[in-house]
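Below you'll find the structure, written out as structure tokens, and then a few comments.
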Amino acid sequence: MAQLPSKILVVDDDLDVLYTTKQVLKRHFKEIFTESSPKKALETLQEKSIDIVLLDMNFAPGITSGQEGLFWLRKMKKIAPECQVILHTAYGDIELAVQGMKQGASDFVVKPWQAEKLLASIQNVWKLVEANREVERLKNSRGILKREVDGMYPEIVSEDPSMVPIFRMMEKVAKTDANVLILGENGTGKELIARAIHNQSPRAEEAFVKVDLGAIPESLFESELFGHAKGAFTDAREDRVGRFELAEKGTLFLDEIGNLPLPLQAKLLTALQSRQVTRVGSNRPIPLNVRLICATNIPIHQRVADQGFRQDLLYRINTVEIPLPPLRERPKDIGVLAEYYLDHYAKKYDRKPMKIQAATLRKLMAYAWPGNVRELQHAVERAVILSEGSTLLSEDFPQEIHATAQHVEEGEGAKSLNIEDMEKQAIQSAIRKCGGNLTQAAKELGMGRSTLYRKIERYKL
């Protein structure tokens, strides 16, 4: 049998016990140290990174109370809290040994011990040592992974006044466990806002688990979110933890919740109301301790009115509602974000410091950005890759950006008599006139805001 890579310290004032114990243990464990003095044992603890201590309860001649053992136990746990201590006790000291376990000991063995029982005790405690190390390794790995994941998401960059109340709201809500609903078009940065709230919250060191509800098939919804037990269905070959359990003590981010079908809304509502989930194929409820943040790009209140989304579920998820304005309603952010991404991608692709031509920047600010911040990010990345100089020009950007922006910027009249072209040009002119404010643009055009959104999407503005 191979030796376990464990460092064991035996502390006993009886030299015969030290010798016998070492002979029994050295065949099974890599390094065995012995000390007859508990004071010297403390020095060994500091020098050798001991895994397990086998500690006698009595040292002074004629004293059998066992209080010495408890004293040295406390000393050892203070010096090396990760070290596991097994108490060596006589029959009459069992009640005292139990007190020792309450003070940090991992186990106790009774004198005179049998070799098999001593080995079994130490091997069991060694499993505890390994388990604790694995937990610590996982915690460190999660911390590293969290920093890497956070590094994939840029900081929130904004100078537009419309974002100030949103930042204030985020700061307030982050300190609480209130459920948050983030509303906004695709590409406005809803996940970025959710991560910022999590990172500013008391749960920041715990997991942030994202679930794209629009990408989960209905048949897999319960298994993905709640988990399943082995044998629950044909392919369930082992127990599986659901996303709710993965987010325990952390934050669960449910993206595109507005796309969730009604039957699945009911199942989600049940879990949120009861604060527990039950894995598919199991009867054991699992209590939840998660912070919930949801997001959607659809007008969810209108969907409630149309009976496509449960009102009681909406009440449950939107204790605080954060509406993110689209980029076209944040004109001051277009230039700021363009410069931010320009610097980022110039460094990423090992380019010399770059800038954007003033005329090109005006065109970027005149464009409606239907894809919002995400579209701007991709457009700048593309321009950095394709540009042959240190200054980004209009032709470095996609055709639809500089062509549409040029059309709006120069205020060209309706050259086409096609009704759709005329409507498209009218929408562009109204958005330009109103500085990107869609509410005002909709009034200018004599149509509802939701109608304007649909037309913007239709014409890819």
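Only this structure's heavy atoms are used, side chains among them; waters, hydrogens and symmetry mates stay out. All values derive from a computational prediction rather than experimental measurement.
- For Trp126 (side chain) and Ile52 (main-chain N/O), no donor-acceptor pair under 3.5 Å exists by modelled atom type.
- At a threshold of 4.5 Å between non-hydrogen side-chain atoms, the residues Lys26 and Glu31 do not count as touching.
- Interatomic distance, CZ of Arg203 versus CG of Leu252, reported as 11.0 Å (0.5 Å rounding).
- For the pair Lys347 and Asp343, the salt-bridge criterion is met [side-chain N within less than 4.0 Å of a carboxylate O].
- Other residues, nucleotides and ligands contribute over 12 non-hydrogen atoms within 6.0 Å of the NZ atom of Lys77.
- Inspection of the His301 and Gln311 side chains reveals no N or O donor paired with an N or O acceptor under 3.5 Å.
- Under a cut-off of 6.0 angstrom, the local environment of OH in Tyr349 is crowded, with over 12 non-hydrogen atoms contributed by other residues, nucleotides or ligands.
- Proximity of a side-chain donor or acceptor of Arg351 to a complementary backbone N or O of Val384 within less than 3.5 Å is detected.
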#### Entry: Derivation of the side-chain contact (heavy atoms from CB on, under 4.5 Å) call for Ile334 and Arg328
CA-CA 8 Å; Ile334 295 175; Arg328 57 185 167 274; over 6 Å; no
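- Taking CG of Leu272 as the start and CD of Gln265 as the end, the distance is 11.5 Å to the nearest 0.5 Å.
- Around the CG atom of Asn283, the shell of radius 6.0 Å holds no more than 12 heavy atoms that belong to other residues, nucleotides or ligands.
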- prompt: Can you check side chain to side chain donor-acceptor pair (under 3.5 Å) on Asn372 and Arg330, steps first, answer last?
  reply: CA-CA 10 Å; Asn372 293 292; Arg330 298 156 47 189; over 6 Å; no
Practice problem: Mind running side-chain contact (heavy atoms from CB on, under 4.5 Å) on Cys294 and Phe253 for me, showing each step along the way? | Solution: CA-CA 6 Å; Cys294 299; Phe253 176 50; over 6 Å; no
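- Checked for salt-bridge contact, Glu245 and Arg279 meet the test: a charged N lies under 4.0 Å from a carboxylate O.
- Although no hydrogens or angles enter the test, the distance criterion places no donor-acceptor pair under 3.5 Å between the side chain of Gln46 and the main chain of Ile79.
- A salt bridge is absent between Asp396 and Arg382: the closest approach of a Lys/Arg side-chain nitrogen to an acidic carboxylate oxygen does not fall below 4.0 angstrom.
- For the residue pair Asp160 / Ser162, a side-chain donor-acceptor distance below 3.5 Å is found, with atom types taken as modelled.
- Using cut-offs of 30° and 60° for the angle between ring planes, the His344 and Tyr340 rings count as parallel.
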Next item on the list: Walk me through it: do Asn297 and Glu185 pass the test side chain to side chain donor-acceptor pair (under 3.5 Å)?
Entry: CA-CA 5 Å; Asn297 66 342; Glu185 297 177 13; over 6 Å; no
